[in-house]
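Notes for the one structure printed next.
Atoms within a ligand are numbered from 1 in the order they appear, just like the ligands themselves.
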Amino acid sequence: MVISMKLGASKDEIEHVCRRIEEFGYRVHSIRGEERVVIAAVGVGDVTHCLESLESAAGVESAVRISAPYKFVSREYKAEKSLVRVDGAALGGDELVVMAGPCSVESESQLMTTAEAVARSGARLLRGGAFKPRTSPYEFQGLEEEGLKLLAKARRQTGLAIITEVMSDGDVGLVSQYADVLQIGARNMQNFALLKALGKAGKPVMLKRGMSSTIRELLLSAEYIVSHGNPDVILCERGIRTFETATRNTMDISAVPVLQELTHLPVAVDPAHASGRRSLVPALARAAVAAGADGLMVEVHPCPEQAFSDGPQSLTLEQFADLMRDLEPYVALWRRGRARVPA
Ligand code: PEP
Ligand code: MN
């Protein structure tokens with residue numbers, strides 16, 4: 001339930017409403033807003049009776065039930081889009097934010113060369129995995145903390161913010177010391193212990209859609225993070241597994257407008273993991289911009305042929321520069337669209 005108080009409702013009125021919510025067996029989850037206070041209540045109880053009672057309490061403007069199974073991430077709870085701020089950039093606002101970098105952090109020279117090039121081309125965040133979730137245990141697993149240190153060095157040298165994956169709840173503290181955004185990989189979208197730990201991480205999270213997950217499941221995983229205390233969640237469509245084998249995954253482009261309808265959280269698209277092939281990345285990136293994504297994540301490597309992971313879907317530094325240039329007219333249209341739609 002969401003209870004909106006009238007403008008200028010008194011402290012006593014707010015306290016009374018909170019007490020009534022608790023009497024009905026619900027928990028007051030959060031109270032936000034300064035001028036107009038909005039109270040969120042969660043739990044199980046007699047909703048209809050509780051709503052009727054609260055609607056007639058002094059100082060209450062409206063009391064509504066959130067019908068979606070996910071509450072805090074739903075548009076019913078918050079109609080205006082959320083901004084997730086990362087350094088100087090903000091996802092969900094009037095800038096299309098591009099995150100770029102190698103699949104894995106491999107070496108200082110590989111990372112620095114990539115970081116400098118993607119910064120020059122207009123990326124705002126540097127990506128790079130230090131902890132790698134690999135399908136086979138015999139594949140490169142990442143440089144771990146050494147990789148995180150290289151990412152921090154790249155941030156110092158380029159000013160780019162860092163997004164990197166955290167794979168287990170035990171690593172959230174360590175990765176948070178180095179990262180600006182914690183990436184949760186597709187394979188971990190329903191790692192509930194990890195999602196709960198992210199609630200207390202104090203850093204924005206980018207949650208990638210599981211390869212066989214529905215949009216409802218994605219939103220419920222986001223709800224775990226938000227309901228455990230972290231409102232700064234970015235969702236990422238990265239392709240889902242279908243019967244099609246021409247691409248690594250199938251990019252679910254409709255996920256973008258569907259998510260924009262259902263949630264106020266920013267939505268990013270990763271055309272590299274969605275397609276698995278670098279030749280397809282530019283077209284899918286354009287499609288994501290046209291569909292109204294808030295951000296893009298792209299894999300870039302100075303020499304994809306030598307990449308430890310995901311070489312076939314990584315753009316060269318030049319191809320990334322071309323992609324950014326070729327996206328400009330699409331981004332200009334995107335901006336005009338944003339200006340028309342109230343945030
Ligand atoms: C990645 O970003 O390199 C990655 C492992 O992505 P995903 O979790 O989407 O497969
Ligand atoms: Mn990858």
Side-chain angles (χ1 to χ4, degrees), residues 97-106 110-111 114 118 123 125-137 139-144 147-148 150-151 161-168 171 175 179-191 194-195 198 204-213 215 217-218 221-222 225 233-242 247-252 255-256 259 267-278 280-281 284-285 288 293 295-316 320:
V97 176
V98 178
M99 307 169 248
C103 178
S104 301
V105 178
E106 299 168 4
Q110 172 244 18
L111 190 67
T114 313
V118 300
L125 281 88
L126 174 67
R127 65 147 286 146
F131 290 90
K132 293 303 303 176
R134 305 306 302 280
T135 301
S136 162
E139 290 170 333
F140 178 61
Q141 305 286 309
L143 297 181
E144 304 190 344
L148 296 175
L150 292 175
L151 287 164
I162 302 298
I163 174 165
T164 193
E165 179 157 355
V166 54
M167 281 170 49
S168 77
D171 290 333
V175 179
D180 298 291
V181 181
L182 303 171
Q183 177 176 323
I184 303 309
R187 292 157 190 80
N188 259 327
M189 190 202 86
Q190 288 190 316
N191 178 341
L194 175 57
L195 300 178
L198 293 166
V205 173
M206 188 171 88
L207 179 65
K208 295 184 98 179
R209 180 177 181 183
M211 54 187 97
S212 302
S213 298
I215 284 173
E217 287 162 342
L218 172 63
S221 287
I225 305 170
V233 179
I234 302 152
L235 303 169
C236 181
E237 163 61 36
R238 47 76 74 205
I240 50 174
R241 192 165 274 183
T242 67
T247 46
R248 182 177 177 184
N249 292 292
T250 298
M251 187 164 106
D252 179 9
V256 178
L259 286 168
V267 179
V269 171
D270 169 351
H273 291 86
S275 64
R277 280 198 280 142
R278 84 175 58 84
L280 303 177
V281 167
L284 297 187
L296 289 175
M297 170 171 269
V298 182
E299 286 187 332
V300 181
H301 195 286
C303 182
E305 199 192 315
Q306 287 174 13
F308 293 2
S309 58
D310 287 349
Q313 67 194 34
S314 300
L315 302 183
T316 63
F320 179 69

Distance from atom 4 (C) of ligand 1 to nearest protein heavy atom, with residue and atom: H273 NE2, 3.3 Å
Heavy-atom distances under 4.0 Å decide this one: backbone, side chain, both or neither, for K132 against ligand 1? side chain
For ligand 1, is there an N or O atom under 3.5 Å from any N or O atom of E165? no
Min N/O separation R127 to ligand 1 under 3.5 Å: yes
Looking only at heavy atoms of E299, does any of them come nearer than 4.0 Å to an atom of ligand 1? yes
Does ligand 1 have an atom under 4.0 Å from some heavy atom of G129? no
Can you tell me how far apart CG (L207) and CD (Q190) are? Round to the nearest 0.5 Å. 10.0 Å
Relative to the heavy atoms of G185, which atoms of ligand 1 are at a distance of less than 4.0 Å? 8 (O)
Please work out, at 4.0 Å between heavy atoms, whether the side chain, the backbone, both, or neither of M211 comes within that distance of ligand 1. neither
Any donor and acceptor pair, going by atom type alone, linking the side chain of E165 with main-chain N or O of P133 inside 3.5 Å? no
Exam field: side chain R238 to backbone A272, donor-acceptor pair closer than 3.5 Å: no
Examine D270 against ligand 1 and note whether any of their N/O atoms are separated by less than 3.5 Å. no
When you compare ligand 1 with C103, is there at least one nitrogen or oxygen pair between them that comes in under 3.5 angstrom? no
Say you draw a straight line from OG of S275 to CZ of R277; how long is it, rounded to the nearest 0.5 Å? 7.5 Å
Counting from 1 in the order shown, the ligand 1 atoms closer than 4.0 Å to a non-hydrogen atom of R238 are 7 (P), 9 (O), 10 (O)
Which is the closest N/O/S atom of E299 when seen from the Mn ion (ligand 2)? OE2
In the structure I gave you, are the side-chain heavy atoms of E106 and Q306 within less than 4.5 Å of one another anywhere? no
Is a side-chain N or O of D270 found less than 3.5 angstrom from the main chain of H273, in a donor-acceptor match? yes
Atom 6 (O) of ligand 1 [closest protein heavy-atom partner, distance rounded to 0.1 Å]: K208 NZ, 2.9 Å
